[in-house]
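Working notes, beginning with the structure itself.
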Amino acid sequence: MKNFNTIDQELAEKVQTVLVNTFPEGLPEGFSSSVVKTADARNGDYQCNDAMALAKALRKNPREIAGNLAAGLADPEMLSSVEVAGPGFINFRLNPAWVAKRLVDTDAHAARGTPAAGEGKTVVIDYSSPNVAKPMHIGHIRSTVIGNALDRLHRFCGYTVISDNHLGDWGTQFGLILLGYRHFLNADALAASPVQELERVYVESYQKSKEDESWLEAARQELVKLQQGDAENLALWEKFVTLSLGEFEKIYQRLDVRFDLHRGESFYNDDLPGVLARLESAGLLVESEGAQVVDLEEEKLGVCIVRKRDGGFNYATTDLATVFSRVREFKPETILYVTDERQQRHFKQFFTVCEKLGEAVSLQHVWFGLMRLPEGTFSTRQGNVIKLEVLLDEAERRALEMVKTSSPDMPEDQQREVARAVGIGALKYADLSQNPQSLVTFTWEKAMALDGNSAPYLQYAHARIRSVLDKHAAQFPEDDVAGAAPAAELPVEQVLGLKAVQFPEAVIGATRHYRPNYLADYLYELAQNYSTYHQSVPFLKSEDGVRESRMRLIRMVADTLKTGLGLLGIEAPERI
RNA sequence: GCCCCGGUAGCUCAGCUGGACAGAGCAGCGGACUUCUAAUCCGCAGGUCGCAGGUUCGAACCCUGCCCGGGGCGCCA
């Protein structure tokens, strides 16, 4: 299969070639040419700013460099103009005929012209990772939705992806849960809503431990028994895990999220002593205040505790074991961790330890801003959490209201199906369309926006095209759409065609920077361009020849929208 | 006290290795459905990019200081 290059990259390579020829004495150390999209279409489609940077380094006149460069870059087939402007900008305008051809070429390609940047590379993505015995709430949605988009994006770019749900299934809370389960359990409640009941007994047990020292001690004993493999506690623990996984799975199905692995912390339990031994033999282990730690003061990261004073291991130890195991088993180039911002220091710590141990893997913490409520942070103990299940229900309910008013003739089961895709899509898009690192304050209104820059806007554009295409197929069964060249006569068509052909740049950018919002922005612009087009020309009433070309163009736009939404984990129904 | 983020239009946010007069959505105002989905489109209005310096041909973006908000800082994860 043909391997495509993105347009900006293709132009940058042209520039590089000309530069190497123009400056046989060599370019500045570390210099590599770059071409970017213009901010303003009046300046062209792409621009190169290298002349200014080079002028400084080579002590030459930027306009002169730009002039020479522009002359060497002339390529009438691809570029309708190459012009020098301002202090030394080189502006490129693509030839609409070239764009149209490109469109056709990429249309035949499974990844719509996206380069296989990840060919031969493996990436492990660790995301979602809820705690066993606690219901998932709105705090989990960002990790799940962003992690899943990164998962899809990487696969699309040719990476081998191992998605792993690193469940919080092992830790001190289980002592309290075991005790609470034995004393406070309501069997009916457990049957009705297992995880909610498990959480309830945990909270009750936790509260009792606050006022009753002996209760806390008893919980510690239960934990020790569990860790030593006590059959009864182990069986209960397994039950907690199974029940929780079952409930999480319902949420994941609704969100269309699948994992390759569900390896919780407990999976690495037997490896923990080995981690310590390895640190020991690497000379990194130090005793401090009774605990075993790795000293990271030099890196200004404090100390990383790998064995507690009481002899127990903690999360840093588990995370190290997890890295070792993943590296051994999957040989990944990169491991991505998608969690909220609070864990930055922890990740820096154990990343540094891995580096000291010489682990040959790139560890990346993709963190996102913590979700807050308008009245402040939320927590289980304050009782102001919004459960994920409730959130999904509400999203679908609001979408259904809208579907019923806008498509009253649609059969009811289809209305529900559309409402599901639209409601869940809106929710996901709300998270994916902004910079992950910005703070987010949860509001129902924002999370479930159904107009403006929202998933339903994109889904609507897509469904409109499908509807036009279906009507066209019914009215003009003789038309050869597949054989028609995409329309590129009118300015609106050229704008739309160019946007469509830039899809790979958005995908690559989103993947490389771990920023799904780059793709979301792009798709929104594509849908906007389509909506303008839809408004300004007739389709079914356009003349023979023109009609097929327009169908060809919008069909490709629809496919691009659908593919792009798919990469964000959002469905694109045929009708909405 | 130290470290990490954020501060852009009334509100919610983009702004992709510094680039050409700062962009959307919502809300507001004015227009467009006897054509294919008006969940739409077109137009108007709205900003000292937290503040003050600095680097640069060029700064919302880089550096320094300060102000405000969020988070983190040894045995929770």
Side-chain angles (χ1 to χ4, degrees), chain A residues 32 34 36-40 42-43 47 49 52-53 55-56 62 85-89 91 129 131 168 170-173 265 288-293 300-310 312-316 318-319 339-346 348 367 369-370 372 376-377 399 402-403 405-407 422 430 433-435 437-441 443 445-446 449-454 456-457 459-461 463-472 475 505-506 508-510 512-513 515 517-518 520-522 524-525 528 531-542 575-576:
Chain A
S32 77
S34 83
V36 297
K37 284 198 282 280
T38 53
D40 188 329
R42 276 172 298 185
N43 295 324
Q47 67 181 64
N49 307 326
M52 274 100 71
K56 194 182 296 187
F89 298 110
N91 294 330
S129 308
N131 288 325
W170 200 251
T172 45
Q173 76 271 27
E265 293 160 4
S288 170
E289 298 174 30
Q292 299 290 311
V293 308
K300 292 189 165 58
L301 292 170
V303 296
C304 178
I305 295 174
V306 289
R307 184 163 210 172
K308 298 185 282 186
R309 195 179 337 189
D310 66 6
F313 300 105
N314 64 358
Y315 54 98
T318 306
D319 279 332
T339 82
D340 74 58
E341 60 187 320
R342 290 175 302 182
Q343 299 190 43
Q344 286 183 82
R345 186 187 164 86
H346 162 63
K348 277 187 193 154
W367 60 268
L370 193 61
R372 292 168 188 76
T377 52
M402 189 130 195
V403 175
T405 55
S406 68
S407 304
V422 169
S433 62
Q434 60 183 324
N435 183 340
Q437 301 189 346
S438 57
L439 300 177
V440 287
T441 302
T443 61
E445 190 187 35
K446 192 173 26 150
L450 298 171
D451 57 3
N453 186 357
S454 67
Y457 178 90
Q459 291 168 321
Y460 177 68
R464 268 172 135 185
I465 300 175
R466 287 287 163 225
S467 174
V468 170
L469 290 170
D470 287 352
K471 286 202 164 70
H472 172 265
Q475 280 182 41
E505 284 157 61
I508 292 288
R512 182 180 306 146
H513 299 283
R515 294 275 297 271
N517 68 304
Y518 288 171
D521 279 354
Y522 165 81
Y524 180 59
E525 288 165 10
Q528 272 182 316
S531 296
T532 300
Y533 184 49
H534 180 96
Q535 167 69 27
S536 56
V537 305
F539 293 127
L540 303 183
K541 291 190 175 174
S542 55
R575 298 282 184 277
I576 75 169

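A, B, ... follow the sequence lines: proteins, then strands. Residue 1 opens every chain.
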Exercise for the section: Tell me what A:Ser467 touches on the nucleic acid: a base, only sugar-phosphate, or nothing, going by heavy atoms under 4.0 Å. Expected result: base

Handout entry: Anti versus syn assignment for B:G30, with syn defined as within 90° of 0
Key = anti

Fill in the blank from the handout: Among B:G19, B:G58, B:C13, the one nearest any side-chain atom of A:Lys446 is B:C13

Problem - Between B:C63 and B:C3 - P atom distance, rounded Å - result: 14 Å

Exercise for the section: Would you mind classifying the nucleic acid contact of A:Ile576 as base, sugar-phosphate or nothing, using non-hydrogen atoms under 4.0 angstrom? Expected result: base

Handout entry: B:C26 and B:G46, which share atom name C1', separated by this distance in whole Å
Key = 13 Å

Practice task
Identify whether any heavy atom of A:His472 sits under 4.0 Å from a base atom; if not, whether one sits that close to sugar-phosphate; answer base, sugar-phosphate or nothing.
Solution key: nothing

Problem - Ring centroid separation A:Phe539 to A:His472 under 6.0 Å - result: no

Exercise for the section: Give A:Tyr457 one of three labels, base, sugar-phosphate or nothing, depending on what nucleic acid heavy atoms sit under 4.0 Å from its own. Expected result: sugar-phosphate

Practice task
Would you mind telling me which of B:A20, B:U40, B:U37 lies closest to the side-chain atoms of A:Phe89?
Solution key: B:A20

Exercise for the section: Name the nucleic acid region contacted by A:Ser407, choosing base, sugar-phosphate or nothing; use a 4.0 angstrom heavy-atom cut-off, strictly under. Expected result: nothing

Problem - Minimum-distance nucleotide to A:Asp451 side chain [options: B:C26, B:C36, B:C16] - result: B:C26

Exercise for the section: Figure out the CD/C1' separation between A:Glu445 and B:G10, and round it to whole Å. Expected result: 14 Å

Exercise for the section: With the side chain of A:Ser34 defined as its heavy atoms from C-beta on, choose the nearest nucleotide among B:C75, B:U17, B:U37. Expected result: B:U17

Handout entry: Gap between atoms OH and P, on A:Tyr460 and B:G25 respectively (whole Å)
Key = 16 Å

Exercise for the section: Compute whether any side-chain donor of one residue and acceptor of the other, for A:Gln344 and A:Trp367, lie under 3.5 angstrom apart. Expected result: yes

Report, one pair per line, the protein and nucleotides 1-7 of chain B atoms (nitrogen or oxygen only) whose separation is under 3.5 Å.
residue : atom : partner  : partner atom : Å
B:C4    : O2'  : A:Gln344 : OE1          : 3.0

Handout entry: Base B:A24 paired with A:Gln528 side chain (donor-acceptor, <3.5 Å)
Key = no

Practice task
For A:Arg42, answer base if it contacts any base atom (sugar-phosphate contacts may also be present), sugar-phosphate if it contacts only those atoms, and nothing otherwise; contact means non-hydrogen atoms under 4.0 Å.
Solution key: base

Exercise for the section: Report the distance from atom CD1 of A:Ile465 to atom C1' of B:A39, rounded to the nearest whole Å. Expected result: 15 Å

Problem - Atom-pair distance (CG on A:Asn453; C1' on B:C13), nearest Å - result: 9 Å

Completion exercise
Between CD of A:Gln434 and P of B:C26 the distance, given in whole Å, is 16 Å

Practice task
Mind checking A:Asp340 for me? I need base, sugar-phosphate or nothing, with any heavy atom below 4.0 Å counting as a touch.
Solution key: nothing

Practice task
Check every strand shown and say whether A:Glu265 touches a base, only sugar-phosphate, or nothing at a heavy-atom separation below 4.0 Å.
Solution key: sugar-phosphate

Exercise for the section: Assign A:Ala55 to base, sugar-phosphate, or nothing according to its heavy-atom contacts below 4.0 angstrom with the strands shown. Expected result: nothing

Using atom names, set out every protein N or O paired with an N or O of nucleotides 59-62 of chain B below 3.5 Å, distance rounded to 0.1 Å.
none

Problem - Integer-rounded Å distance: B:G72 P and A:Gln343 CD - result: 11 Å

Exercise for the section: Applying side-chain hydrogen bond (donor to acceptor under 3.5 Å, both in side chains), name anything that partners A:Asn91, two or more places apart in sequence or on another chain. Expected result: none

Practice task
Select base, sugar-phosphate, or nothing to describe what A:Asn314 touches, counting heavy atoms under 4.0 Å on all strands.
Solution key: sugar-phosphate

Practice task
Using a 4.0 Å heavy-atom cut-off across all strands, classify A:Asp521 as base, sugar-phosphate, or nothing.
Solution key: sugar-phosphate

Practice task
Could you state the atom-to-atom distance from OH of A:Tyr533 to C1' of B:U35 in whole Å?
Solution key: 14 Å

Practice task
Provide, to the nearest angstrom, the distance between the CD atom belonging to A:Gln47 and the P atom belonging to B:G18.
Solution key: 13 Å

Handout entry: Touch class at under 4.0 angstrom, heavy-atom based, for A:Val36 against every strand present
Key = nothing

Exercise for the section: Describe the nucleic acid contact of A:Arg345 in one word from base, sugar-phosphate, nothing, applying a heavy-atom distance below 4.0 Å. Expected result: sugar-phosphate

Handout entry: B:A20 base / A:Asn91 side chain donor-acceptor hit below 3.5 Å
Key = yes

